[in-house]
Amino acid sequence: MGLGLGGRRGQCLWAPSREQMGIRGLVSSVAAAASGDDAGQQFDYDLFTIGAGSGGVRGSRIASSYGAKVAVCELPFDFKSSDRLGGVGGTCVLRGCVPKKLMVYASEFADHFNDSRGFGWSPAESIQHDWTHMLEAKRKELTRLNNAYKNTLGNAKVDLIEGRGKVVDAHTVDVDGKRYTAKHIMIAVGGRATKLGIPGAEHTITSDDALELSRRPDKITVIGGGYIAVEFAGIFHRFGSDVHLVFRQPMPLRGFDEEVRKFTTDQYAASGLQMHPYMTPAEVKKQPDGKLTVVMTAKDGSKVEIADNDHVLMATGRAPNTENLGLEEAGVQLGPKGQVIVDEYCRSSVPSIWAVGDVIDRIQLTPVALMEGMALARTIALNEPTKPDYEAVPSAVFSHPELAGVGLTEEQAVQAHPNLDIYTSSFRAMRNTLSGSPLRCFMKMIVDADTRVVLGAHMVGDHAAEIMQGFAVAVKMKCTKEQIDSVVGIHPSSAEEFVTMRSVSRKIRGGQPA
């Protein structure tokens, strides 16, 4: 079993499980639930949302714009989350995507300074990074965003109630002792970082902590093979830390296209990142000097140690944040991970309780939570049952190098489309020809050979996310390879490679290599 969240950020399409199919309702029943069978009952609100993260805020304010009376509750703001602290904005804004990307930007300057020498610059040897300045600047920006999200709710006429919400019954929420009634309840509490249950886990940190370290670690071991692990490994490596990435699988990023995984892993190695595949973490020991030793079990059963770590980061997954929320007591069915089981309209087993975002454990991406929130707002406030659309959801990993993709992986495509044409291209970006960087770019298109529709696109290299966001439109609209080929490229650019790949790298016929 792999570590991390590679599969969650991979280009897989969500499909309902038998468990979810069991409670799936027809459009008519969803509409009935949305309109409610409690027409004569008076409620404080039409919709009460627990959790003011991306999905909760979006769903609440859109429902309000449709005329619903809406309230949302959220914990007091802090840079680290706990049972009593959180903040309007949620994981992505306050302790996830946004602060992580700010640290990615900060770490990139080290490469820029080095690369500049190849272009004739002579950066001063005394260039230093002020970690405290970066941390304070990051906190200032997150505080601004927290206030901005509060203002957004206020401008949308959504009541913001600070405190810990708990479901009492199908129409009642308790917030720190005060009860509110609502025709509908939306659960949007997100997830929390988890740790492996190994001896010494209490000595390790999570992604929340990694974003708030008071100083750059001289040495850090990152445990995990998912996108969170490789992103933080890249950040600390570029800052100059001695970084070790430990994972159980032969390669990180399980769930992504296998060819992309292999290329990316090779690029991580070329960048100087120290990786330890086939390693199972066994223990984290505190040394007499306060530093940490990671003990691992290798594939052959031998013990391997990485000593003298300032920190050990466990990026080993996230769990839905449903503990002590009162859901099961209210009759809401939860899955084995604690996720809220919902139907295709995001309705739980209790007709008046709905859920969106990471708490339903489908695709843990902020834009997906936004989409789910907007769909749910239409279902509840307009009585127009609307399903979230999980087809061709693009995603990116902000590691070093960056990778992004949309649509199907080759492994997924071959299961549904027996005849495929695979187009690939690997090249050295123009910038790297003078900078001396050994890193290369990789691009891949997966085409249905019968219909010529582009089923998936993937890229490894600088600006992969920016390029893939535009290309996602083509995949979503089911463009054919010939339509892509008809587009004139922008030269010189890496992106133009996607519209100039003419030669088939390999063919698959009848599900087998041709």
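Small disclaimer: the values here were computed from a predicted structure and weren't measured. Side-chain atoms are counted along with the backbone in the values below, which use heavy atoms only and exclude waters and symmetry mates.
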Compute whether any side-chain donor of one residue and acceptor of the other, for Asp208 and Ser81, lie under 3.5 angstrom apart.
yes
Lys262/Glu259 ion pair, N-O < 4.0 Å:
no
For Ile127, which residues count as a side chain to side chain contact (heavy atoms under 4.5 Å, CB included) partner, sequence neighbours excluded?
Phe113, Pro123, Ala124
Side chain to side chain, Met275 and Met251, heavy atoms closer than 4.5 Å
no
Are there more than 12 heavy atoms of other residues, nucleotides or ligands under 6.0 Å from atom NZ of Lys101?
yes
Test of understanding: with side chain to side chain contact (heavy atoms under 4.5 Å, CB included), list the residues that count as partners of Ile205, not counting sequence neighbours.
Asp209, Ala210, Leu213, His311, Leu313
Will you find, in the side chains of Gln287 and Asn309, an N or O donor that is under 3.5 Å from an N or O acceptor?
no
Lys219 and Ser241: side chain donor to acceptor below 3.5 Å:
no
Could I get the full list of ring pair (Phe, Tyr, Trp, His ring centres under 6.0 Å) partners for Phe239, not counting sequence neighbours?
His129, Trp131
Sequence neighbours excluded, the answer for side chain to side chain contact (heavy atoms under 4.5 Å, CB included) partners of Pro99 is Lys138, Leu142, Leu211
Tell me the ring pair (Phe, Tyr, Trp, His ring centres under 6.0 Å) pairs involving residues 471-496, sequence neighbours left out?
Phe471-Phe498
Glu402 side chain to Ala465 backbone, donor-acceptor under 3.5 Å:
yes
Quick check: are there more than 12 heavy atoms from other residues, nucleotides or ligands sitting under 6.0 Å from CD of Glu496?
yes
Residues Asp115, Arg117: salt bridge by 4.0 Å N-O rule:
no
For residues 272-284, which residue pairs qualify under salt bridge (Lys or Arg N to Asp or Glu O under 4.0 Å), counting only residues two or more places apart or in two chains?
none
